[in-house]
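Structure, as structure tokens:
Throughout, protein chains are lettered first and strands after them, A, B, ... in sequence-line order, and every chain is numbered starting at 1.
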Amino acid sequence: MDYRPQDLDRKWQSRWTSSRAFEVEVDTSRPKFYCLEMFAYPSGHAHVGHVRNYIIGDVMARTKRMRGYNVLHPFGWDAFGLPAENAAIKGGIHPEVSTRGNIAHMKGQLQRLGISYAWERELATCDTEYYKWNQWLFIRMFEKGLAYRRRSSVNWCTSCNTVLANEQVVDGGCWRCGTPVETRDLEQWFFRITAYADELLDATAGLTGWPEKVLTMQRNWIGRSEGARVKFPLESRAPSPEPQAPSPEIEVFTTRIDTIYGATFVLLAPEHPLVAALADRSPDPASFRQTVQGFRAQDRAARMSGAIEKQGFDTGARAVNPFTGASVPVWVANFVLGEYGTGAVMAVPAHDQRDFEFARKFDLPIKVVVTPDGRPVDASSMGEAAEAYGTLVDSGEFSGLPSADAQKRMIASAKARGIGEGTVQFRLKDWGISRQRYWGTPIPMIHCPEDGIVPVPDAELPVVLPHVAQFSGRGDSPLAQVAEFVNVRCPRCGGPARRETDTMDTFVDSSWYFYRFADPRNNAQPFDPAAVKYWLPVDFYSGGVEHAILHLIYSRFFARVFRDLGYVDQGEPFKQLLTQGMVLKDGAVMSKSKGNVVDPDTMLQKFGADALRLYVMFVAPPEKEVEWSDAGLEGSYRFLARVWRLVEHWRSAVARSTGTREAAWASLDAAERAMRRKTHDTIRRVTVDIEERQQLNTAVSAMMELVNDLYAFSERAVTGAPTHKSGEEEMAPAAGERPETVDVMREALEALARLLSPFAPHSAEEMWERLGHADSLNAASWPTYDAVVARAEEIVVPVQINGKVRSRLTVSVDISEQEMEQLALADPAISSYIAGKTVRKVVVAKGRLVSLVVQ
RNA sequence: GCGGAAGUGGCGGAAUUGGCAGACGCGCUAGCCUCAGGAGCUAGUUCCCGCAAGGGAGUGAAGGUUCGAGUCCUUUCUUCCGCACCA
């Protein structure tokens, strides 16, 4: 029979489904393994880049299943999100319709690849049964003060009169009409992730199964920095008649309080609350405000293009440096960030490059207060700021102290005087989750004129996303236009009230779906804690690096929220993380717009699922980026066909020999022993490569080596090599053929079918069946190896003279170091080299090599 | 600028603990088989010299440690990725 993979795909996929082969239940008597690939946004079509990740996970899942683990391997859909809504605005197809259609298509693609998912646990985040628990959790977080509301700026298109997501801002303009985007302040919901900043940072040290790269990215993202807050009092002017007089001081954050004697001016962010008040007091408030507004608008556009030039202007106000008592000017600067620290900085041009550039540009004073290496620094001639730590000069009572000591003393001094204190500042900000969008989880809150913000009672959850027929892309939040949705009675006072019309960021959906998979149909709670206790943490999590920060940090945050709610007992959800590399085509990431998408279905039709799976695993280690190659895929197909012919060639001989196996191991000849050794060593290598090294490409090459040896072994046996022609016939053992050879072949083919099955499950199942087995390869059928058999009897050991290999010795593996040395010196090739010279040193690495130093 | 990863044949890559560099695959070459081959089987394939035996060179570059370095150390170059006025 010829190798027809497409038939095998169909046959085995339907068998797996009908036998519920991959469905699992909690079973505390067995070790569990939770294997998860990041769930998918249902964009419509999976390309081979996406698919690579699922295959990697499937190899792990199938291997662990065969190793006897109770394997949870679920899949689902990150189904809410902007693209579906954008498509609805442009094409008029309702997000619900397009999303469900896309899910159906992509699910078919994954099924055709034979990925071993527990499909009965499938979930989509747009299911009310799922997002209900987003709402439930939101309310719990609201109760604990972890969800709160405050004003924050959004992108606003004045032409469409609507809020834009960051992705909808293209080159600083609206994605639809190109109108320049403005910022506008709205009341929005936030999650207080900063409450866990320290813990999220510290716990990275315990994530030993994560790539160091990802941990570094998370640490940088959290961005802990130690420093101090110090108040610079504003110089009093004529008493202000205004009732809300500006705050009498400017608080700055600095990590270099040791340089404070050199603080010759103060800079405010354009967003700083004091700026508006200072504008009122300025001689020309209109132009003041216009300049500030210019800075704020510029900031957005400039983020895209890179660096922007430093700009600023003098507010006219002055503040007092609390350490020197000097009067310093207060400026507004475009590069000071409103959302970091206090939104104000003390500028020390001598010791901070940014301040230095600003001072030079605007001719502000530069004062040196730290000498890096003991040599004096001249303020007027320095070309750049001296940022290094050093010894303080010209700093009053602190002069002469090293920077680090000075920082401690200055913080103590500031604290004693009530003008500052040491603080820890994080770069991590609270997570803004409000989206003025339709296709997401409605935020379960009610705004009552009497009672303020009231959560929807648990009994009334879910707040179902109402049907919206028309998506214009204009105006308010889509939900705000649905009167039946918006108008509601206040749960507390019963009076008329309005529902919250914002929906949640879809990162909320993806921050806990891995818990839900443990118990996806629970209607009473987000999940049964006992089920999660059994299945979690995820033992193997794989996905793209693009999620290294947001998704993974939000998930770690949610894990701690669930922990503090008493639902899970530990705060790290992912034990091991693998970030798989992308698949490139013509050197670029696959994308529809580039037109370089490789469609898995086309490959499936040509070569079958197994060849595609095998190729993608073989081409490179999982973390690496790979370039797609049609020729490489063909090579994998050829390999599978080669294995297939080998099985076909031998299977009837193997079937007839049943019963003689094992008995014959003692009477093997040398070639049979070597073949058997190769079989057992291959089992060892493949097992280690998958489970320990997770280097799936070398696992495949180990199997290829085995097959190459089996062909040679087959050639040597009387039956000849399984050529294309002869493969079509069932070969009987030729006259005089040794039964031992058949036994060795059977052991090898059975091992091979099983080792191959995580990679090429359809072909492997079929081969297993054709070798005479009625059971499926699914459960607990991983081959074991005999370490004694796997060990070589003889090895070839190189002999080096002065670092160059001059001869090779074939020796027993058990040979002693002394014997090796003697054999090496007695070797004719070696003795002729060393004749007449002095052997100064002999190094023997047991079982590895002999190295002679000769003069 | 800061941080991270990586540089190995024509190509993808392998080398697990400092011990035979180039496994395995692609591509290419030759032979066999065949009516035919874009199928299959066998052999070859880092570069240079040589009919061969063999010799020499060789893991981005330059040094170093070592009997021995792709692997460890120092310097340096290049590429990719992340962060990027975070005070």
Side-chain angles (χ1 to χ4, degrees), chain A residues 211-217 219-221 223 225 227 252-256 259 267 269 299 302-303 306-310 333-337 339-348 351-355 357-358 425-429 545-546 548-549 581 614-615 618-621 623-636 638-639 641-642 645 685 688-689 692-693 695 697-705 707-708 711-712 715 720-727 796-805 808 840-854:
Chain A
E212 198 55 43
K213 174 195 173 80
V214 173
L215 295 178
T216 304
M217 285 165 76
R219 287 176 190 135
N220 292 342
W221 187 259
S225 57
V252 303
F253 173 72
T254 178
T255 54
R256 290 299 302 275
T259 64
L267 295 174
D299 196 20
R303 282 271 150 74
I308 48 172
E309 196 176 340
K310 288 182 176 52
N334 63 342
F335 65 91
V336 177
L337 304 173
E339 67 277 24
Y340 184 77
T342 59
V345 299
M346 63 177 207
V348 185
H351 305 293
D352 181 285
Q353 185 59 25
R354 295 156 301 185
D355 300 343
E357 289 168 21
F358 196 83
Q425 183 65 45
F426 292 95
R427 189 184 167 282
L428 180 74
K429 290 179 279 182
V545 244
E546 64 272 21
I549 298 178
L614 193 76
Y615 167 63
F618 174 61
V619 66
E623 299 84 356
K624 269 207 74 152
E625 241 172 34
V626 297
E627 172 71 26
W628 176 260
S629 149
D630 284 342
L633 174 60
E634 280 183 55
S636 291
R638 277 203 293 273
F639 169 73
R642 196 166 141 86
R645 286 194 305 275
R685 282 173 64 188
V688 169
D689 280 352
E692 291 169 32
R693 303 208 307 150
Q695 188 136 315
N697 54 329
T698 50
V700 176
S701 45
M703 290 186 277
M704 288 173 166
E705 280 185 42
V707 171
N708 289 344
Y711 264 68
E715 175 82 21
T723 63
H724 184 59
K725 285 281 173 206
S726 66
V796 177
V797 174
V799 183
Q800 295 180 346
I801 295 176
N802 295 340
K804 288 196 192 305
V805 178
R808 291 183 170 83
R840 299 183 61 95
K841 190 169 183 179
V842 181
V843 180
V844 181
K846 194 171 184 307
R848 295 224 184 238
L849 58 42
V850 181
S851 179
L852 306 177
V853 184
V854 170

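As the counterpart of B/G50, no nucleotide is assigned, since no Watson-Crick or G-U wobble pattern has both distances under 3.5 Å. With a 3.5 Å ceiling on both atom-pair distances, the Watson-Crick or G-U wobble partner of B/G27 is B/U45. Nucleotide B/C32 forms a pair with B/G40, judged by Watson-Crick or G-U wobble geometry with both contacts under 3.5 Å. When both distances must be under 3.5 Å, the Watson-Crick or G-U wobble mate of B/U59 does not exist. Across all strands shown, B/G70 forms no Watson-Crick or G-U wobble pair with both distances under 3.5 Å. Pair check for B/A5 finds B/U79; Watson-Crick or G-U wobble, both atom distances under 3.5 Å. If you check B/G18 for Watson-Crick or wobble pairing at under 3.5 angstrom, you find it has no partner at all.
One atom, CD of A/Glu339, and another, C1' of B/A87, lie 13 Å apart when rounded to the nearest Å. Computed from coordinates, the A/Met346 CE to B/A87 P distance equals 12 Å when rounded to whole Å. Distance, A/Ile801 CD1 to B/G55 P: 11 Å, rounded to whole Å. Following rounding to the nearest Å, A/Ile549 (CD1) and B/G4 (P) show an atom-to-atom distance of 15 Å. For the pair A/Leu215 CG and B/G82 P, the computed distance is 18 Å after rounding to whole Å. With rounding to whole Å, A/Asn334 atom CG is found 9 Å from B/C85 atom C1'. Between A/Phe358 atom CZ and B/A87 atom P there is a gap of 18 Å when expressed in whole angstrom units.
Without hydrogens or angle criteria, A/Tyr615 side chain to A/Asp630 main chain gives no donor-acceptor distance under 3.5 Å.
A/Arg219 has a carboxylate O that lies under 4.0 Å from a charged side-chain N of A/Glu212, or vice versa, which qualifies the two as a salt bridge.
Contact between the side-chain N/O atoms of A/Arg645 and the OP1/OP2 oxygens of B/C41 is found at a separation under 4.0 Å. For A/Arg642 and B/C41, the shortest distance from a side-chain N or O to OP1 or OP2 is below 4.0 Å. Within the structure, every side-chain polar atom (N or O) of A/Arg638 is placed at least 4.0 Å from both OP1 and OP2 of B/G25.
With sequence neighbours left out, A/Asn802 forms a side chain to side chain contact (heavy atoms under 4.5 Å, CB included) with A/Val853, A/Val854. By the salt bridge (Lys or Arg N to Asp or Glu O under 4.0 Å) test, A/Arg693 pairs with A/Asp689, sequence neighbours left out. The side-chain hydrogen bond (donor to acceptor under 3.5 Å, both in side chains) search around A/Thr255 returns none, not counting sequence neighbours.
The side chain of A/Val796 approaches B/C20 more closely than any other nucleotide in the set B/C20, B/G40, B/G25. Side chain of A/Asn220, nearest nucleotide from B/C20, B/G3, B/U42: B/G3. Of all nucleotides listed (B/G3, B/C26, B/C20), B/C20 comes nearest to the side chain of A/Pro798. Distance from the side chain of A/Thr254 is smallest to B/A87 among B/A87, B/G40, B/C41. Closest to the side chain of A/Tyr340, from the set B/G40, B/A87, B/G19, is B/A87.
Across all strands, A/Gly341 comes closer than 4.0 Å to no nucleic acid atom at all (heavy-atom distances). Within the 4.0 angstrom heavy-atom criterion, no nucleotide atom of any strand lies near A/Ser636. Among the atoms of the strands shown, none is found under 4.0 Å from any heavy atom of A/Val797.
Spacing of P atoms, B/C83 relative to B/C11, comes out at 31 Å, to the nearest Å. Comparing the P positions of B/G13 and B/C80 gives an interatomic distance of 16 Å, to the nearest angstrom. Rounded to a whole angstrom, the distance from the P atom of B/C51 to that of B/A61 is 30 Å. Straight-line distance between the C1' atoms of B/A36 and B/A43: roughly 23 Å, to the nearest whole Å. Look at the P atom in both B/A57 and B/A69: the space between them is 13 Å, to the nearest Å. Spacing between B/C33 and B/A39 at atom C1', rounded to whole Å, works out to 11 Å. Of the P atoms belonging to B/A6 and B/G22, the separation is 23 Å, rounded to the nearest Å. Between B/C35 and B/U45, the two C1' atoms lie 31 Å apart (nearest whole Å).
Side-chain rings of A/Phe426 and A/Trp221 stay apart, their centers remaining 6.0 Å or farther from each other. The ring of A/Phe639 has its center no closer than 6.0 angstrom to the ring center of A/Phe618.
Side-chain contact between A/Val345 and A/Phe253 is absent, with no heavy-atom pair separated by less than 4.5 Å. Side-chain contact between A/Tyr340 and A/Gln425 is present, with at least one heavy-atom pair separated by less than 4.5 Å.
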Under 3.5 Å, which protein N or O atoms sit close to an N or O of nucleotides 62-68 of chain B? Give each pair with its distance.
{"from": "B/C67", "atom 1": "OP1", "to": "A/Lys841", "atom 2": "NZ", "distance (Å)": "3.1"}
{"from": "B/C67", "atom 1": "O2", "to": "A/Ser851", "atom 2": "OG", "distance (Å)": "2.8"}

Give every pair of a protein N or O atom and an N or O atom of nucleotides 57-60 of chain B that lie under 3.5 Å apart, one pair per line with the distance.
{"from": "B/A57", "atom 1": "OP2", "to": "A/Lys804", "atom 2": "NZ", "distance (Å)": "3.2"}

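Considering CG of A/Leu633 and CG of A/Leu614, their distance stands at 9.5 Å, rounded to 0.5 Å.
Each of A/Met217 and A/Asp355 lies near RNA chain B, and the nucleotide nearest A/Met217 is the one positioned closer to the 5' end. Toward the 5' end of RNA chain B, the nearer of the two residues A/Asp352 and A/Ala845, judged by each one's closest nucleotide, is A/Ala845.
Between A/Asn697 and A/Gln695 the shortest heavy-atom distance is OD1-CG, 3.0 Å.
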Contact letters for nucleotides 5-18 of chain B, in which S counts primed atoms plus P, OP1 and OP2 and B counts the base, heavy atoms under 4.0 Å = -------BSSSS--
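When the shell of 6.0 Å around NZ of A/Lys429 is examined, it contains 12 or fewer heavy atoms from other residues, nucleotides or ligands.
Syn is the glycosidic conformation of B/G9, whose angle stays within 90° of 0.
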